Participant: 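Mind having a look at this structure? Questions to follow.
Model, not experiment: these values are computed from the prediction.
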Amino acid sequence: MSEGTAGLLEPRAVRLGEHVADRAAAVRRCGELLVETGAVKPEYIDAMLERERDISTYVGEGVAIPHATLAGKEAVLRDALAVVGLAEPVDWDGQPVSVCVAIAARGDGHLAILAELAEILLDPQRARALREADTADDVIRLLRPAGNAVS
């Protein structure tokens, strides 16, 4: 991720080992984190659930990227990410998901974020490391571009 994008994820917006019943509960948990960190208004969660009903946000490698429909942009207060690592994978339209990277973006900011997340998922080692991360710092480090990784 670019320097600016990496700054969108705060340690308090990363929750690992979360227990959720299903895909909708995982999306809701992501939305709650975005609300808790002041990135979105509560109505953003409904727009996230609506997006998920329209089209799956599963992107591969056990990762989904819940985000809202266009209507949800009005509820975005600032661009931000939230990461929810699941204790047990949940079914996402027939695919097991163990990490959700939620996106809140005003304007077209989400397009760059999506492209950068795709780069991570194209690297099986980075994707596995993201699924297996045990700390918020690990997640934040992994979501930086490979060239900007801090050792």
Side-chain angles (χ1 to χ4, degrees), residues 1-93 95-121 126-127 129-131 133-145 148 150:
M1 293 184 166
S2 67
E3 290 294 324
T5 305
L8 298 177
L9 181 60
E10 308 170 21
R12 66 187 180 128
V14 177
R15 298 289 165 82
L16 304 173
E18 293 283 298
H19 294 273
V20 297
D22 56 24
R23 178 169 91 174
V27 171
R28 200 171 289 109
R29 184 66 188 116
C30 287
E32 290 166 356
L33 268 179
L34 291 169
V35 171
E36 288 171 24
T37 59
V40 300
K41 298 176 187 173
E43 54 267 26
Y44 190 77
I45 298 170
D46 291 333
M48 291 175 77
L49 291 165
E50 182 182 333
R51 160 74 65 204
E52 204 61 53
R53 283 189 294 272
D54 291 345
I55 187 166
S56 172
T57 59
Y58 177 76
V59 291
E61 292 288 338
V63 178
I65 49 167
H67 57 286
T69 58
L70 189 58
K73 286 194 185 293
E74 293 176 13
V76 176
L77 302 171
R78 64 177 175 82
D79 290 3
L81 299 176
V83 175
V84 175
L86 304 175
E88 302 88 22
V90 296
D91 178 73
W92 216 279
D93 274 351
Q95 299 293 329
V97 166
S98 53
V99 176
C100 298
V101 180
I103 300 171
R106 303 174 67 107
D108 292 332
H110 68 292
L111 298 177
I113 295 167
L114 290 171
E116 291 169 8
L117 286 171
E119 288 296 314
I120 292 164
L121 299 178
R126 287 178 76 193
L130 180 61
R131 288 191 307 271
D134 339 3
T135 70
D137 287 342
D138 287 343
V139 170
I140 292 166
R141 180 181 47 78
L142 288 164
L143 290 178
R144 289 189 180 118
N148 292 343
V150 176

Participant: I'd like to check H67 versus V101 (side-chain heavy atoms, cut-off strictly below 4.5 Å). Are they in contact?
Facilitator: no
Participant: In Å and rounded to the nearest 0.5 Å, what is the CG to CZ distance from D46 to R28?
Facilitator: 8.5 Å
Participant: Do the side chains of V83 and L143 get nearer than 4.5 Å, heavy atoms only?
Facilitator: yes
Participant: If you count heavy atoms of other groups shown closer than 6.0 angstrom to CD of E36, is the number above 12?
Facilitator: yes
Participant: Test side-chain contact (heavy atoms from CB on, under 4.5 Å) on R15 and R29 and set out the steps.
Facilitator: CA-CA 9 Å; R15 298 289 165 82; R29 184 66 188 116; 2.6 Å; yes
Participant: Do you know which two heavy atoms are closest between V20 and V90, and how far apart they sit?
Facilitator: CG2-CG1, 3.7 Å
Participant: Answer yes when D54 and R51 have at least one side-chain N-carboxylate O distance shorter than 4.0 Å, and no when they do not.
Facilitator: no
Participant: Once you round to the nearest 0.5 Å, how far does CD of E18 lie from CG of L86?
Facilitator: 8.0 Å
Participant: Side chains of L9 and V14: closer than 4.5 Å at any heavy-atom pair?
Facilitator: yes
Participant: May I ask you to test the D22-D91 pair for a side-chain heavy-atom distance under 4.5 Å?
Facilitator: no
Participant: Nearest heavy-atom pair of D138 and A133: which atoms, and what distance?
Facilitator: CB-CB, 4.0 Å
Participant: How long is the span from the CE atom in M48 to the CG atom in L34, to the nearest 0.5 Å?
Facilitator: 5.5 Å
Participant: Do E52 and T57 pair up side chain to side chain, a donor and an acceptor below 3.5 Å, judged on atom types alone?
Facilitator: yes
Participant: From L33 CG over to C100 SG, what is the distance, rounded to the nearest 0.5 angstrom?
Facilitator: 10.5 Å
Participant: Considering non-hydrogen atoms only, spot the tightest contact between S56 and Y58 and give its length.
Facilitator: OG-N, 3.1 Å
Participant: Set out, in order, the CA-CA distance, both residues' side-chain angles and the distance that settles side-chain contact (heavy atoms from CB on, under 4.5 Å) for V27 and W92, then state yes or no.
Facilitator: CA-CA 11 Å; V27 171; W92 216 279; 3.8 Å; yes
Participant: Distance from I65 atom CD1 to C30 atom SG, nearest 0.5 Å?
Facilitator: 11.0 Å
Participant: Take V84 and V99 through the side-chain contact (heavy atoms from CB on, under 4.5 Å) test and state the conclusion after the steps.
Facilitator: CA-CA 6 Å; V84 175; V99 176; over 6 Å; no
Participant: Determine, stepwise, if the pair I120 / L142 fulfils side-chain contact (heavy atoms from CB on, under 4.5 Å).
Facilitator: CA-CA 8 Å; I120 292 164; L142 288 164; over 6 Å; no
Participant: Would a distance-only check, ignoring hydrogens and angles, find a side-chain to backbone donor-acceptor pair under 3.5 Å from Y44 to A68?
Facilitator: yes
Participant: Rounded at 0.5 Å granularity, tell me how far CZ in R126 sits from CZ in R131.
Facilitator: 13.0 Å
Participant: What closest approach, in Å, do A105 and K73 show between heavy atoms, and which atom pair accounts for it?
Facilitator: O-NZ, 3.4 Å
Participant: So, for L121 and E61, which heavy atoms are closest and what is the spacing to 0.1 Å?
Facilitator: O-CG, 3.6 Å
Participant: Heavy atoms only: give me the nearest V40-G31 pair and the separation to one decimal.
Facilitator: CG2-O, 4.3 Å
